[in-house]
Amino acid sequence: MTIAYLPLPADDVPPYEPWAGEPEALAEAAAAGRRAAAWIRSLAAPSAPCPVGTWLAGALPAAVEAATASLDPAQCDRMGPDGRLIEGNAGVDAGTTSTLAIVPCVLSDADWLTPDQHLRLMAVASVVTGIARLLADDPGTAILHGQVTRMCATLDHATRPDTPGLAT
């Protein structure tokens, strides 16, 4: 048996330095994710227990919270030592991303929810994955130009409490 060791990182790679405003932007994203998850958990349950109802009450809000709490701009797209692009994930693991990606497919079975709630759930999944992609693609621009903050405002708008007479 041959053991091949992976190359160690080059010593000339500078350590990651946070962007100005990064801690505040990440805290804001985590808080918006917690609020969105609470809204998802507050949605009406189906009249009879079903897998989609269980998923909407558990796995989806957990994925929203996990994604927004684990955001890490240091895990962005970069070049590997061999010159190949290494696609970053902004700290969001593949399982969480997968859970968010299947929202449009699952909602067709959530017939007890209103079309407005379906749309809002799709917006939540899209915004959360969008924040992660923005941070993975270009964390400096996403943080310094307020893109993360604007995405958090969109997330809050999508999950605002249903108010009678409120235009949606």
Side-chain angles (χ1 to χ4, degrees), residues 21-22 24-77 85-168:
E22 180 178 316
E24 296 83 4
L26 297 179
E28 184 176 1
R34 286 190 300 275
R35 290 189 296 272
W39 174 79
I40 295 168
R41 289 184 183 105
S42 75
L43 293 173
S47 56
C50 66
V52 172
T54 303
W55 183 83
L56 281 170
L60 180 58
V64 168
E65 279 183 307
T68 56
S70 66
L71 291 171
D72 182 3
Q75 295 184 26
C76 60
D77 297 347
L85 177 67
I86 299 171
E87 189 170 327
N89 63 6
V92 181
D93 65 77
T96 300
T97 301
S98 176
T99 299
L100 295 169
I102 63 170
V103 168
C105 303
V106 171
L107 288 180
S108 63
D109 291 334
D111 56 0
W112 68 93
L113 296 176
T114 67
D116 179 64
Q117 291 168 330
H118 281 213
L119 182 62
R120 290 173 183 223
L121 285 166
M122 288 195 297
V124 167
S126 177
V127 168
V128 171
T129 55
I131 292 171
R133 195 69 251 149
L134 280 170
L135 287 173
D137 287 346
D138 188 359
T141 300
I143 294 168
L144 296 175
H145 293 279
Q147 292 174 340
V148 171
T149 300
R150 287 194 300 278
M151 295 291 275
C152 290
T154 303
L155 187 59
D156 282 338
H157 183 75
T159 60
R160 71 190 184 284
D162 294 328
T163 306
L166 181 66
T168 54

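- Ser126 places no side-chain N or O within donor-acceptor distance of the main-chain N or O of Ala123, the cut-off being under 3.5 Å.
- A salt bridge does not link Arg133 with Asp138: every distance from a Lys NZ or Arg NE/NH1/NH2 to an Asp or Glu carboxylate oxygen is 4.0 Å or more.
- Between Leu135 and Leu26, the closest side-chain pair of non-hydrogen atoms falls below 4.5 Å.
- Side-chain contact between Asp93 and Thr96: present, with at least one pair of heavy atoms (C-beta onward) separated by less than 4.5 Å.
- Note: Gln117 CD to Leu121 CG = 7.5 Å, rounded to the nearest 0.5 Å.
- Contact of the Ile86 side chain with the Asp77 side chain is not registered, since no non-hydrogen atoms from C-beta on lie closer than 4.5 Å.
- Between atom CZ of residue Arg41 and atom CG of residue Leu60 there is a gap of 9.5 Å, rounded to the nearest 0.5 Å.
- Remark: Ile143 CD1 to Glu24 CD distance equals 10.0 Å, nearest 0.5 Å.
- Side-chain contact between Thr149 and Glu28: present, with at least one pair of heavy atoms (C-beta onward) separated by less than 4.5 Å.
- Closest approach of Thr159 to Arg120, counting heavy atoms only: C-NH1, 4.4 Å.
- Remark: the backbone N or O of Cys50 is paired with a side-chain donor or acceptor of Thr54 at under 3.5 angstrom.
- Side-chain atoms of Ser70 come within 3.5 Å of backbone N or O of Gly91 as a donor-acceptor pair.
- In terms of heavy-atom proximity, Trp55 sits nearest to Thr99 at CZ2-O, 3.6 Å.
- Smallest separation of non-hydrogen atoms from Ala136 and Gly88: CB-O, 3.7 Å.
- Side chains of Ile131 and Cys152 form a contact here, defined as non-hydrogen atoms less than 4.5 Å apart.
- Closest approach of Ala29 and Leu71 over heavy atoms only: CB-CD1, 3.7 Å.
- Remark: Gln75 engages Asp72, Asn89 in a side-chain contact (heavy atoms from CB on, under 4.5 Å) (not counting sequence neighbours).
- In plain terms, the two heavy atoms of Ala67 and Val92 that are nearest each other are O-CG2, 3.7 Å.
- Atoms CH2 and CG, from Trp112 and Leu43 in turn, are 9.5 Å apart once rounded to the nearest 0.5 Å.
- Annotation: the span from His118 atom NE2 to Leu107 atom CG amounts to 5.5 Å, rounded to 0.5 Å.
- Between the side chain of Ser98 and the backbone N or O of Ala94, no donor-acceptor pair lies under 3.5 Å.
- The shortest non-hydrogen separation linking Gly33 to Glu65 is O-CG, 4.0 Å.
- Electrostatic pairing of Asp156 and Arg160 does not count as a salt bridge here, judged by no charged N lying under 4.0 Å from a carboxylate O.
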